[in-house]
Amino acid sequence: MINDMKTRLALFVMFLTVSVLRAAGPVYVVLWFDTEDYVEPGADDAALRIATDLTGLGVRATFKVVGEKARVLEQRGRWDVVRALALHEIGYHSNFHSIPPAPSVYLRDLGYVEGAAEFERRERSGALDLQRIFGVVPSCYGQPGSSWGPQSNTALRRMGIPVYLDEGSQVGLDSQPFWYGGLLYIFNMGKYSMRAPLDGAGAVEKSYEQFDHAASELAARGGGVISIYYHPTEFVATEFWDAVNFAKGADRERADWRRPRRRTEAESERCYGILRNYVAHMKSVSGVRFATAREMLQLYGSPVPASQNRAQIAAHLATKQTFLLTGQDSLSAADIVLALLGMDPQVVDGPATRMASTFRGDAIPRAAFQRAKADTVSFVRTNQRLPAEVWIGSEKLSIGDFAATLAADNGTSANAGVHRANLQFENYFSTDPKGSFNWAIHPEGFSAPELLDLGRLQGWTLKPARLR
Ligand SMILES: [Zn+2]
């Protein structure tokens, strides 16, 4: 009897182990370096050293390079640095980073369409410089500091940059990658964003434990992503190159730029050692792989969903406008609207402005509703974005009210009953317009509620990304 119990217990433990192993998903580490310091030449050497060390460890990282930094490397003839970085993946980290105006500052008072054009006007040339100097189109973009604006999404798509890789608090989904504005966002990763600190005694061991814990947690839930970043300049300087020159929006002439305080050579060596050991540790954890921004895109597939079960998606959107996970797919509220309108799945933006409904009735005659639908299809085809409002004669429905009405409509009754919006995707955005844009380089007290509101409007495109 006892033996039997023991056997049963052993079998049960084996069963548990097998279940856990079967459930364990891959854990991807995206290791990225904001390569931005064009003031301190020692930061060039730091980038070279880090890139070379990682190549030696067989790890490919993503170096997000500032346009001005790439031009400075070219001017200084640092082709050794360019070659070493080019063995990794090249991302983009804005044209000038901290020379005012920073992106949030110039985007805040612009609308969606105008802001996208302005972002492209200011930032495209830096991406082209990266392409000229490194020979590749950058795979990703991430804003300087917290200087985020949703208008960048449309501009980045036009620039052929498919991934948004950074940290920030303006928008986030479950501390894992998500689709937003047609880009794969690896952003706001919460407890899955971490690092081994370069300073502070005893903190390194703790960061190994933190990594191990996060990796096993993600493996247990079928896999996921850990985001880790540094700046090469941190390895050679004890203060940020831009904080000493451009704090609080200061505009300083080149001749007056100050170099940041340097670490001693021994201190720098200690820092390189911390990174090397940390990477070696992560490599040693089973199930952990390193991936670049572009590799993440391959792993997560495309933002364009397959065709859908109409009844299921309509029932969802009629009650709440937010993303929906189906058996295979992840659908944004915009994906569902397009499907219900009979359009091909495609990347579109959310509405450019916020409009309130003026239509007060509770039903729309069938013929008028059919015209409204056709007009919406025409708008989306022409502008590649959802309209802010849909006209019913000379009255209008907000896009939210229209979407709820469309989803609830059976398509055959004499009237379409008007349903009102319940924009649940808005819950995934920051409501702190000051804290979310807090950055030493922004003008003192900078606050951008306008950008958060535009961001929320683009929540129509928000949805979880799923590993293929
Ligand atoms: Zn930066």
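Numbering of residues begins at 1 and proceeds along the displayed sequence. Just so you know, these numbers come straight off a predicted model, no measurement behind them. Every number for a ligand or one of its atoms is a count from 1 in the order of the listing.
Looking only at its N/O/S atoms, E36 has OE1 as the one nearest to the Zn ion (ligand 1).
No donor-acceptor pair closer than 3.5 Å links the side chain of K69 to the backbone N or O of Y38.
For the residue pair Q308 / D329, a side-chain donor-acceptor distance below 3.5 Å is found, with atom types taken as modelled.
Taking the Zn ion (ligand 1) as the apex, the angle formed with NE2 of H93 and NE2 of H97 is 90°, to the nearest 10 degrees.
The shortest side-chain heavy-atom distance between R294 and V136 does not fall under the 4.5 Å cut-off.
Not a single N/O/S atom of H231, whether from backbone or side chain, sits less than 2.8 Å from the Zn ion (ligand 1).
Contact check on R254 versus D256 returns no salt bridge, with no Lys/Arg side-chain nitrogen under 4.0 Å from an Asp/Glu carboxylate oxygen.
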